[in-house]
Amino acid sequence: MPVARPETSDSRIIAHVDMDCFYVQVEQRKQPHLRGQPTAVVQYNSWKGGGLIAVGYEARKDGVKRSMRGDEAKKVCPQIQLVQVPVARGKADLTIYRNAGSEVVSILARKGRCERASIDEVYLDLTEAAETMLKETPIESLESIDEEVLKSHVLGLCLNGKDDKEIVREWLTRRDADHRDKLLACGAFIVAELRLQVLQETEFTCSAGIAHNKMLAKLASGMNKPAQQTIVTLSSVKGLLEPLPIKKMKQLGGKLGSSLQTDLGVNTVGDLLQFSEEKLQDIYGANTGTWLWNIARGISGDEVEGRLLPKSHGSGKTFPGVRALKTLASVEKWLKELCEELSERLQLDLETNKRVAHTLTLHANAYKSTDTDSHKKFPSKSCPLRYGAGKILEDSVKLFQAGLREFLGSYMNPVSGGWGITNLSVSASKIVAAPSGTSSITRYFHGQDRFHTSSEPSDEKFKLEDDKLSPLRTENHSASHQTECGGEQPQVTHDTSSFDRYETTCKDEATEGCLTLQNHEPKPRLPEKEKNINDEKPSYGQKRKATKEKGTSSILRFLQTNSCSSSNQETKCLSSGLQEALDVENESLIESQNNRRASQWRYNIDEIDQSVVEELPPEIQDEVRTWLRPQKQANTVKRGSNIAHYFSPQK
DNA sequence: ACGGTTTGGACC
DNA sequence: TGGTCCAAA
């Protein structure tokens with residue numbers, strides 16, 4: 001978070017792309033009759049009309065705000081269209097928004113390094129692309145310029161409201177401009193082009209900030225919305241930051257920002273300038289102190305991570321107030337729903353991205369109605385993750401029981417009540433690329449649910465002390481383990497009848513409507529280009545298409561000739577043949593992987609998969625071992641073997 | 001008792 | 001490390 005990173009003279013070109021009221025746009029694309037109407041996305045319509053989680057711009061004009069209830073919104077704007085978030089398994093299901101986000105990412109990732117920052121935000125490092133453009137395309141030759149670029153907001157540039165576009169054009173093409181401003185101008189072209197592609201291919205609008213670092217780009221992307229872009233020039237930084245309320249800065253919206261205000265009287269970023277680095281370090285520690293000192297000056301060396309896929313998957317739900325869960329049975333019922341969703345998403349990730357998760361974590365919030373004095377938090381617990389909804393549930397229940405016992409202490413009897421769960425979530429993390437040649441394993445994981453019930457005595461890794469939990473057993477659960485003695489463990493024997501029903505229903509309806517990066521990644525790039533030129537989207541493209549075609553041939557050319565170039569030096573060194581093989585091999589592996597990650601991967605193989613192997617059917621075990629061992633050697637000895645592809649930065 | 005649900009990152 | 005806490009959207 002606030003981690004200091006030096007880097008003063010920063011000539012990178014960084015863009016932050018932010019989708020406009022994203023959930024609303026997704027719903028409006030799904031139901032076109034909502035277009036142009038005041039719309040908001042709401043969840044849990046039951047109470048007070050539900051809570052608004054996204055508000056369209058038409059509705060905002062009428063005074064509808066996020067953090068309003070559906071009912072309030074109706075009051076302010078009677079014509080408002082309230083769309084509910086999809087519900088699956090009794091909880092909000094964000095799948096369609098995640099998938100829509102992936103569509104966007106796959107487009108934005110065509111240029112430079114791309115980091116998926118959230119479901120609807122992306123950072124791009126366009127430094128190389130901008131430099132190339134500057135080198136190969138003399139700025140003064142860009143006389144015909146995209147409408148979209150001309151609509152850019154250039155901070156620090158004085159407009160008169162009349163010749164705005166001409167003034168922007170002049171700035172963009174100034175021959176005597178600062179080198180870094182020229183690069184920004186190139187970045188603006190590239191981003192405008194990307195935003196147009198996003199619009200044409202997804203029908204979504206977005207806004208963007210173009211600056212020399214992530215912090216400033218993020219700041220700028222929100223300054224002119226919707227569907228606009230803002231450039232942070234060198235000369236504008238000081239004037240931009242000085243009057244800016246401290247809370248507007250990325251990491252200062254919380255307690256740190258409050259502390260700055262109340263403890264130091266710092267209300268604007270400019271106020272921060274008064275404090276020496278040492279002083280700030282004294283108060284907030286070396287890292288945070290330096291970080292604060294830097295951001296006050298617009299300095300932030302934060303790198304754009306090349307990451308298109310999430311690092312974890314989670315599924316959770318809150319049970320506020322009286323809805324708190326008070327029995328183990330109800331907790332298990334909800335854990336089952338959560339684990340099903342998680343498992344489904346893990347399967348999908350495995351199939352489409354060839355990734356496997358290694359850690360399962362359970363989080364919960366709870367209260368004790370008895371003693372309000374001990375404010376003990378419900379501890380989160382984790383264990384190795386085993387694939388299959390049944391296993392995940394089984395382990396989650398154990399994790400919960402362990403946490404509950406710790407939470408209550410050894411005095412209280414869990415069955416006697418006195419406690420309530422207000423939040424429950426399961427998540428999967430430590431996700432790494434699965435090796436190639438795992439098709440049969442994928443199949444195995446895929447069908448695992450059908451072959452196994454939850455009751456085999458697996459899992460030595462996971463042990464609980466028993467005793468205090470025994471009273472927890474309900475009719476359905478004769479739980480528990482012996483700990484130390486390590487004797488046979490009468491695993492939790494879930495009521496298998498309900499389990500079987502469960503196992504058979506959870507197969508995979510998943511794959512149906514699931515858009516993933518790969519599915520949208522233009523299969524080959526060739527048809528893509530044609531599409532850009534020829535495809536017309538009458539309802540949507542507004543008039544941009546026409547202007548682009550005749551106005552920016554040079555830009556088009558630029559974009560096309562570079563569309564396959566790699567942003568990574570190492571990759572460039574590979575022969576084209578190898579590169580191609582690598583592309584095929586990693587077709588669905590979006591993330592670029594560096595060497596640091598390679599060693600991490602090797603570690604994981606040795607450490608974890610060994611135990612997994614024993615759970616596999618014999619014939620598959622053989623296959624696993626064939627790539628398990630040689631791989632290790634190939635890794636340390638020579639590169640270029642099959643598996644080395646996974647360590648090569650690609651794309 | 002809350003907008004709810006998801007993510008990511010830092011610290012120890 | 002795992003677990004806790006923070007922050008953001």
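Residue numbers begin at 1 in each chain, while the letters A, B, ... track the order of the sequences.
- Heavy atoms from other residues, nucleotides or ligands lying under 6.0 Å from NZ of A/Lys248 number 12 at most.
- In this structure, the CE atom of A/Met215 is 17 Å from the C1' atom of C/dA7, given to the nearest Å.
- Remark: A/Lys48 is not in phosphate contact with B/dG3, judged by side-chain N or O atoms under 4.0 Å from OP1 or OP2.
- Heavy atoms of A/Pro320 sit under 4.0 angstrom from at least one base atom.
- Mapped onto DNA chain B by nearest heavy atom, A/Gly316 and A/Thr422 fall at different nucleotides, with A/Thr422 at the one closer to the 5' end.
- Side-chain contact, A/Gln25 with A/Tyr97: no donor N or O sits under 3.5 Å from an acceptor N or O.
- Atom CD1 in A/Ile96 sits roughly 15 Å away from atom C1' in B/dT6 (whole-Å rounding).
- Each of C/dG3, C/dA9, B/dG3 was ranked by its minimum atom distance to the side chain of A/Arg69; first place goes to B/dG3.
- Within the structure, a side-chain polar atom (N or O) of A/Arg307 is placed less than 4.0 Å from OP1 or OP2 of B/dG8.
- Residue A/Thr359 is out of contact with every strand shown, counting any heavy-atom pair closer than 4.0 Å.
- Across C/dA9, B/dT6, B/dT5, the shortest atom-to-atom separation from the side chain of A/Glu341 is found for B/dT6.
- Using a 4.0 Å heavy-atom cutoff across all strands shown, A/Met249 reaches sugar-phosphate atoms only and no base atom.
- For the residue pair A/Gln281/A/Thr290, the side-chain donor-acceptor check at 3.5 Å is satisfied.
- At the heavy-atom level, A/Gly321 lies under 4.0 Å from base atoms of the strands shown.
- Between A/Lys248 atom NZ and C/dA8 atom P the separation is 12 Å, expressed in whole Å.
- A/Lys214 meets the side chain to side chain contact (heavy atoms under 4.5 Å, CB included) test with A/Ile14, A/Glu115, A/Tyr123, A/Asp302, A/Val304; sequence neighbours excluded.
- Considering only side-chain N and O atoms, A/Lys255 lies under 4.0 angstrom from the phosphate OP1 or OP2 of C/dC6.
- Across all strands, A/Thr318 comes closer than 4.0 Å only to sugar-phosphate atoms, never to a base (heavy-atom distances).
- Here the nucleotide nearest the side chain of A/Pro310, chosen from B/dT7, C/dA9, B/dT5, is B/dT7.
- A/Lys317 has its NZ atom 5 Å from the P atom of B/dT5, to the nearest Å.
- For A/Lys377, the side-chain atoms get nearest to C/dC5 when compared with the rest of B/dT5, C/dA9, C/dC5.
- The phosphate of C/dA7 (OP1 or OP2) has no side-chain N or O of A/Lys218 nearer than 4.0 angstrom.
- Looking at residues 52-64 of chain A, you'll see A/Leu52, A/Ile53 sit with a heavy atom under 4.0 Å from some atom of DNA chain B.
- The separation between A/Asn365 atom CG and B/dT5 atom P is 12 Å, rounded to whole Å.
- Comparing A/Glu115 and A/Phe319 by the nucleotide of DNA chain B that holds the closest heavy atom to each, the one mapping nearer the 5' end is A/Phe319.
- Residue contacts shown for A/Arg345 are limited to sugar-phosphate atoms, with no base heavy atom under 4.0 Å away.
- Distance alone, capped at 3.5 Å, is enough to place a donor-acceptor pair between the A/Arg345 side chain and the A/Gly314 backbone.
- Closest contact between the side chain of A/Ser380 and the listed nucleotides B/dG8, C/dT4, B/dT5 involves C/dT4.
- Distances from the side chain of A/Lys381 to the nucleotides C/dG3, C/dC5, B/dT7 place C/dG3 closest.
- The ring of A/Phe400 has its center closer than 6.0 angstrom to the ring center of A/Phe378.
- Straight-line distance from the CG atom of A/Leu338 to the C1' atom of B/dT5: 11 Å, rounded to whole Å.
- Checking B/dT5, B/dT7, B/dG8 against every side-chain atom of A/Arg98, the shortest atom distance belongs to B/dT7.
- Looking only at distances, no side-chain donor or acceptor of A/Thr95 sits under 3.5 Å from a matching main-chain atom of A/Asp93.
- Nearest to the side-chain atoms of A/Ser382 among the listed nucleotides C/dG2, C/dA9, B/dT6 stands C/dG2.
- When each of B/dG9, B/dC11, B/dT6 is scored by its nearest atom to the side-chain atoms of A/Asn287, the top-ranked nucleotide is B/dC11.
- In this structure, a donor-acceptor pair under 3.5 Å is present between the side chains of A/Asp20 and A/Ser207.
- The A/Ser118 side chain lies nearest to C/dA9 when the options are C/dA9, B/dT5, B/dT7.
- Taking a cutoff of 4.0 Å between a charged side-chain nitrogen and a carboxylate oxygen, A/Glu332 and A/Lys336 do not qualify as a salt bridge.
- As judged by a 4.0 angstrom heavy-atom cut-off over every strand, A/Leu252 is placed among residues touching the sugar-phosphate backbone only.
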